[in-house]
Amino acid sequence: EQYKIVSRLTHSPGLSTLARSSLLCSSSGLRGLHVTAACCKNRAARIRIGKGNKPLTYEQALHPHHIGHCKGWLSQHTSNLKGEEGAADRTVEDVFIRRFMFGTFHGCLANEIVLKRRGNVLIVCTIMLQKMIPQKIYFLIGYSEWLLSHLYKCPVKLEIQTLQDKAVYKYI
Amino acid sequence: MESTAKKRRCSFNKDWETTYHWVKPVQGDSQRVFCEVCQSSFSVSHGAPERSGREFGSRKPRREEGEPRTEKMPLDQDWTAVYPAATPFRAGSVPLPVRMGYPMKGGVPPEKKGNLELIKIPNFLHLTPAAIKKHCEALKPFCTEWPSALDTDAKCDEHFPIKVECTDYVSSGLSVRNPSARIVQLKVKLSILNLDDHARKKMLKLVGERYCKDTDVLTITTDSCPLRQQNYDYAQYLLTVLYHESWKTEAWEAEKTVADMEEYSWEGSPSQKNIMDMLLRMKVAGEGEGEEVQEQLLARSEVQEYKDSVTRLKNEGDNESSVLQYKEAVKKVFNL
């Protein structure tokens, strides 16, 4: 939420003005506080419009309230169904894996990471830019799979696709 | 090029083109040069291309990305080889002109290249009819025919009266195990078991809630052991023990009181005593005392009818037909 607070400091010159003013009075001087109504703008996952030169992917262009209508889900697992457990654990794992991938392949990710769980296998799908030589990417893929498998004690598979440039949906 | 006293940014110098053959100016930006070897531009604001540390010597040119596999796919290829198992959507492997996404105003949905929406959704490209045929062919050697003698439900019940039910759970998570999979439910109809009157009554008392009167089914649910095999063995053991115990007669069973009885029995009840006394007083059978009179009275049809109606009332409860029957029986006894 954003509060726009405008504060005005007024100093009373004499006793006559003190008597007349209806603002908060203290023994020495006057201070006034004027507050406007809060402007409760939603800022979740929204990139504010600019001059028209900022490229946006489909994922960034559609806001969170479009999930289920024009957007799909980035992470899929059965824990959110009725009678199933482990939703919180899966969410925490998702957050960790996204940060891990963002850091390991820094600057190379073209879009968000899609996580799919099939049984106990975790499949991490990414689209990458061709910024590093393939050998480096192969090493990082092996490193990520090995490390994540050992961290979570379940098979982790990486499915990488590469692009020259990001797929632009619109310019903001 | 770079002054030591006053720092200023370097810009493109024409001499570089002769010194380094791979250098080309970038339009619109004098601070950058374009390297033809690696097909990319870099900044030279900190010095000459040589000093920037890059492009020293011949470097392997950046490899062009090849054309996607879809261009080379023949029309009659084996699709089950392209997608043998469940894998996310790959734009370069699927030769279909698929588009997905909400279109921009006056535009079309975004194409499949780099489309995250197509990757998000589960696809069934690995389950084409050809693939399913292959799966069936692979599974056939392990399957046997259903026995032709068991063609009706009744026959199945007759030959396999005990039914065991277990549930397997499929979910996604770190572990495939589900603790609820250990529960075993065993169902059997009591009419199958060879029980006489006493054994049946004792079995019902032992079993309590687990017996359903309407369907005559005894359900034993076991979940106290950690493994399904153990729970199954325990359920079988329970059934065996219940059967054998209900046939045995213990010494303390002789202390069964009227309150323990499951059904109402008229012989020896207050109702019998009352009606005997009343009939004797009415002198229906004529003069005479003793056992023979009692037997004679009992043998009378009205008394039998009365006995039936009272038993029915007590066992079934008060419904219209049983009360009416009682009324008729009483009227007959009193000759009304």
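Note that these values count all heavy atoms, side chains included, but never hydrogens, waters or copies made by symmetry. Model, not experiment: these values are computed from the prediction.
In terms of heavy-atom pairs under 4.5 angstrom with chain B, the leader among A/Lys116, A/Glu84, A/Glu85, A/Gln76 is A/Lys116. When each of A/Lys153, A/Glu93, A/Lys157 is checked for heavy-atom pairs under 4.5 Å with chain B, A/Glu93 comes out on top. Taking chain B as the reference chain and counting heavy-atom pairs below 4.5 Å, the highest number among A/Gln130, A/Lys71, A/His69 is found for A/Gln130. Top candidate by heavy-atom pairs under 4.5 Å with chain B, chosen from A/His77, A/Gln164, A/Lys166, is A/Gln164. Counting heavy-atom pairs under 4.5 Å between each of A/Leu81, A/Thr162, A/Asn111, A/Asp89 and chain B puts A/Asn111 at the top.
For CZ of B/Arg177, the number of neighbouring non-hydrogen atoms (other residues, nucleotides, ligands) closer than 6.0 Å is 12 at most. Within 6.0 Å of the NZ atom in A/Lys136, the count of heavy atoms belonging to other residues, nucleotides or ligands does not exceed 12. More than 12 non-hydrogen atoms from other residues, nucleotides or ligands lie less than 6.0 angstrom from CZ of B/Arg99. The 12-atom threshold is exceeded at NZ of A/Lys54, counting heavy atoms of other residues, nucleotides or ligands nearer than 6.0 Å. The local environment of CZ in A/Arg98 is crowded, with over 12 non-hydrogen atoms from other residues, nucleotides or ligands closer than 6.0 Å. The neighbour count for B/Tyr211 OH, taken as heavy atoms of other residues, nucleotides or ligands under 6.0 Å away, is above 12. The environment of NE2 in A/His106 is sparse: at most 12 heavy-atom neighbours from other residues, nucleotides or ligands sit within 6.0 Å. Atom OH of A/Tyr138 has 12 or fewer heavy atoms from other residues, nucleotides or ligands within 6.0 Å.
A/Thr57 places none of its side-chain heavy atoms less than 4.5 Å from the side chain of B/Leu116. Counting only heavy atoms from C-beta outward, the side chains of B/Ile119 and A/Gln161 approach each other to under 4.5 Å.
The two residues B/Gly114 and A/Leu163 make their nearest non-hydrogen contact at CA-CD1, 3.7 Å.
At a cut-off of 3.5 Å, with distance as the only test, no side-chain donor of A/Thr78 or B/Ser171 sits close to an acceptor on the other residue.
One finds no salt bridge joining A/Glu112 and B/Lys120 here, because no Lys/Arg side-chain nitrogen approaches an Asp/Glu carboxylate oxygen to under 4.0 Å.
No donor-acceptor pair under 3.5 Å is formed between the side chain of B/Tyr102 and the backbone N or O of A/His66. Judged by distance alone, with hydrogens and angles left aside, the side-chain atoms of B/Glu117 form a donor-acceptor pair with the main-chain N or O of A/Gly72 at under 3.5 Å. Side-chain atoms of A/Arg118 come within 3.5 Å of backbone atoms of B/Ala86 as a donor-acceptor pair (strictly under, hydrogens ignored).
The contact between B/Pro103 and chain A is made entirely by backbone atoms, counting heavy-atom distances below 4.5 Å.
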Practice prompt. Let me see the working for A/Tyr58 and B/Asn115 under side-chain contact (heavy atoms from CB on, under 4.5 Å), right down to the final yes or no.
Written response: CA-CA 8 Å; A/Tyr58 188 84; B/Asn115 196 330; 5.7 Å; no
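The OG atom of B/Ser172 sits 9.5 Å away from atom CG of A/Asn120, with the distance rounded to the nearest 0.5 Å.
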